[in-house]
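Report on the structure given below.
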Protein chains: 4
Amino acid sequence: MPDEFQSSKPIYMQIVDKITVDIVRGKQKIGDKLPSVREMAVQMGVNPNTVQRTYSELERMGIVETKRGQGTFVVENEDLLSEVRGSLQNKIIQNFVEKMEEMGVTKQEMMAYLKQYLEEDSYDNPN
Amino acid sequence: MPDEFQSSKPIYMQIVDKITVDIVRGKQKIGDKLPSVREMAVQMGVNPNTVQRTYSELERMGIVETKRGQGTFVVENEDLLSEVRGSLQNKIIQNFVEKMEEMGVTKQEMMAYLKQYLEEDSYDNPN
Amino acid sequence: MPDEFQSSKPIYMQIVDKITVDIVRGKQKIGDKLPSVREMAVQMGVNPNTVQRTYSELERMGIVETKRGQGTFVVENEDLLSEVRGSLQNKIIQNFVEKMEEMGVTKQEMMAYLKQYLEEDSYDNPN
Amino acid sequence: MPDEFQSSKPIYMQIVDKITVDIVRGKQKIGDKLPSVREMAVQMGVNPNTVQRTYSELERMGIVETKRGQGTFVVENEDLLSEVRGSLQNKIIQNFVEKMEEMGVTKQEMMAYLKQYLEEDSYDNPN
DNA sequence: GTGGTCTAGACCACA
DNA sequence: GTGGTCTAGACCACG
């Protein structure tokens, strides 16, 4: 099995992921204006073109819309955002299960280990 | 020069991870001889130097030992392997929890979502 | 410096086209007074200078005439307007045929496709 | 009605259109390799990045696929290409009908004018 | 000021 | 050699 070593995700996609999470978990609210391309470029320490590409991708995904000469805004469509949120969570769970199965862990064990981990964690950080 | 963006893990480390998993989950048993550097290089489709670095790293981690003129063998130390196995699993769980928390998911929800996912999955793939 | 790519037609020419169509299809009748340069500029959301150039061009084309102190009027020459109308229609047809030929569509097919399109369209919008 | 003047389509989209037509009408056959990004850039008198963007868009549209280190190829899916062809033709027809209607031409007249135009054209260029 | 496009030139992983 | 990403710096149309 030659040839399947992951090269790092492109920067503009890493930013896409970051912003998507921010939007989906409500850190950026519906209708909010995102920082301008140039601002965001400075914040991220990246070239404006890279951010531009990020914003294009976000628009293509439909979770952001741009108004000419005004800026880029979180789309006002709660349903879409919910859907994206669900899909992201599912991907995380799926990844987790796959990796655990690869380690030879059964489903019952996964549940047990997770429960244990969360309970230990709760002494410092009760929830 | 942005620096907060992850570049891909070096290939030799990706192979380290892969072999570690193979050993820890018993695909490579205690005392087994690993393929020679050249063989492994062919199998992985990479340069022998890369495999050499991989084996060095595995030896440094203590889960493999080289016998001059004979080859590279999985170390005969069940306790160590157990420890490594536990540590790997913990890392996977930790990563999962962090990502879910980043999405604003509470611990209760994590358990519920995972349970649901595993149950859905079981129709085709009962375990 | 690539040069074979169309840059957008100047705005004043786009307005020329628009007004020409309005006149030729009778939305602006023979002898009608066009809005003043300032009015039209507001209507179109452009600079008055731009409209000025538009009116000059329309006058050069002969389909409009300016009377000092009174305004700009559609020329009272039905024949000329007919001619312009025919020429515009011909340009549209020509453009259509060229594009279809570029797609490798034969003349018979053009007729057939157009007929089909118009008939489908007629369920909602009979004419 | 201020504000609807067409700015020229971006160069990379003009190239997209051009290549799409070439593919769809069979000038570029199924499985054919497109010129490399750099070659095409020279041919078109354009920056390689612009062509790169064109190729990305073509891939996004699904009518082209790229093989790492090998090149960009026309996708081997006759059905998809047929569909695209139909859609392009429809767009041309639709544009034609809209413009003619804007000129106050009825459907019957469109058919008649087109027929007449095609027949006149046939003296030089019989088909 | 905003987003969008384009060029020039560079570096990367891949085959 | 191929496609893909990134930077730097420029210009545009828009509100």
Side-chain angles (χ1 to χ4, degrees), chain A residues 2-16 33-42 44-60 64-73, chain B residues 1-12 14 44-47 50, chain C residues 1-12 14 44-47 50, chain D residues 2-16 33-42 44-60 64-73:
Chain A
D3 165 75
E4 61 273 40
F5 298 109
Q6 50 173 5
S7 43
S8 79
K9 209 177 273 195
I11 294 180
Y12 80 91
M13 279 306 271
Q14 296 185 38
I15 306 182
V16 164
K33 180 179 175 305
L34 296 184
S36 81
V37 170
R38 290 154 179 89
E39 268 182 75
M40 181 65 89
V42 173
M44 296 278 123
V46 156
N47 187 286
N49 279 325
T50 304
V51 177
Q52 174 65 16
R53 212 166 165 180
T54 298
Y55 280 14
S56 298
E57 183 61 19
L58 287 169
E59 178 154 39
R60 214 185 55 74
V64 129
E65 61 190 357
T66 64
K67 296 180 189 162
R68 294 191 308 186
Q70 303 191 42
T72 303
F73 300 81
Chain B
M1 305 96 184
D3 205 50
E4 51 211 307
F5 297 108
Q6 51 176 5
S7 44
S8 75
K9 207 180 274 193
I11 291 181
Y12 83 92
Q14 296 186 37
M44 296 279 121
V46 298
N47 191 293
T50 305
Chain C
M1 306 97 182
D3 203 50
E4 51 210 309
F5 298 107
Q6 49 172 8
S7 45
S8 73
K9 209 178 272 193
I11 293 181
Y12 82 92
Q14 297 184 38
M44 295 279 120
V46 298
N47 192 293
T50 305
Chain D
D3 169 71
E4 60 273 34
F5 300 109
Q6 49 171 7
S7 43
S8 81
K9 207 178 273 194
I11 294 180
Y12 80 92
M13 280 306 271
Q14 296 184 37
I15 306 182
V16 164
K33 179 179 177 304
L34 296 185
S36 81
V37 169
R38 291 156 178 88
E39 267 181 75
M40 182 64 90
V42 172
M44 296 279 121
V46 157
N47 188 286
N49 278 325
T50 304
V51 176
Q52 174 66 17
R53 212 165 166 182
T54 297
Y55 280 15
S56 298
E57 183 62 19
L58 287 169
E59 179 155 38
R60 213 184 56 72
V64 129
E65 63 190 358
T66 65
K67 296 180 187 161
R68 292 190 311 186
Q70 303 190 43
T72 303
F73 300 83

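Naming convention: chains lettered A, B, ... in sequence-line order (proteins, then strands); numbering from 1 in each chain.
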key: Dot-bracket encoding per residue of DNA chain E, Watson-Crick/G-U cut-off under 3.5 Å, | denoting interstrand   = ||||||||||||||.
Residue whose closest nucleotide on DNA chain E lies nearer the 5' end, A/G69 versus D/P48 = A/G69
Rounded distance in Å - [atom1] ([X]) to [atom2] ([N]):
X	N	atom1	atom2	result
A/M40	E/dG1	CE	P	18 Å
D/K9	F/dA13	NZ	P	18 Å
C/M44	F/dC14	CE	P	15 Å
A/L34	E/dG3	CG	C1'	12 Å
A/K67	E/dG4	NZ	P	14 Å
A/Q70	E/dT2	CD	P	12 Å
D/R60	F/dG4	CZ	P	14 Å
D/E65	F/dG4	CD	P	12 Å

key: DNA chain F contacts among residues 49-57 of chain D, heavy-atom distance under 4.0 Å   = D/N49, D/Q52
ask   = Does A/E57 have any side-chain contact (heavy atoms from CB on, under 4.5 Å) partners at least two apart in sequence or in another chain, and if so, which?
value = A/M13, A/V16, A/R60, A/M61
query = Which residues satisfy the side-chain contact (heavy atoms from CB on, under 4.5 Å) test with B/T50, sequence neighbours excluded?
reply = B/I11, B/Y12, B/I15, B/V46, B/N47
Distance (rounded to the nearest 0.5 Å) between [X] [atom1] and [Y] [atom2]:
X	Y	atom1	atom2	result
D/K33	D/T72	NZ	OG1	7.0 Å
D/Q70	D/S36	CD	OG	14.0 Å
A/Q14	A/M44	CD	CE	11.0 Å
A/L58	A/T66	CG	OG1	11.0 Å

query = According to a strict under-4.0 Å criterion, is A/T66 in side-chain N/O contact with OP1 or OP2 of E/dT2?
reply = no
note = Note: for A/R38 and A/P10 on DNA chain F, the residue whose nearest nucleotide lies more 5' is A/P10
ask   = Residues two or more places apart in sequence or in another chain: which of them pass salt bridge (charged side-chain N to carboxylate O under 4.0 Å, His left out) with D/R38?
value = none
ask   = Which part of the nucleic acid, if any, lies within reach of D/E59 when heavy atoms closer than 4.0 Å are counted: base, sugar-phosphate only, or nothing?
value = sugar-phosphate
Look at the side chain of [X] and decide which nucleotide, out of [options], has an atom nearest to it.
X	options	value
A/Y12	E/dT5, F/dC6, F/dC11	F/dC6
D/N47	F/dG3, E/dT7, F/dT7	E/dT7
A/R68	E/dC6, F/dT7, F/dG15	F/dG15

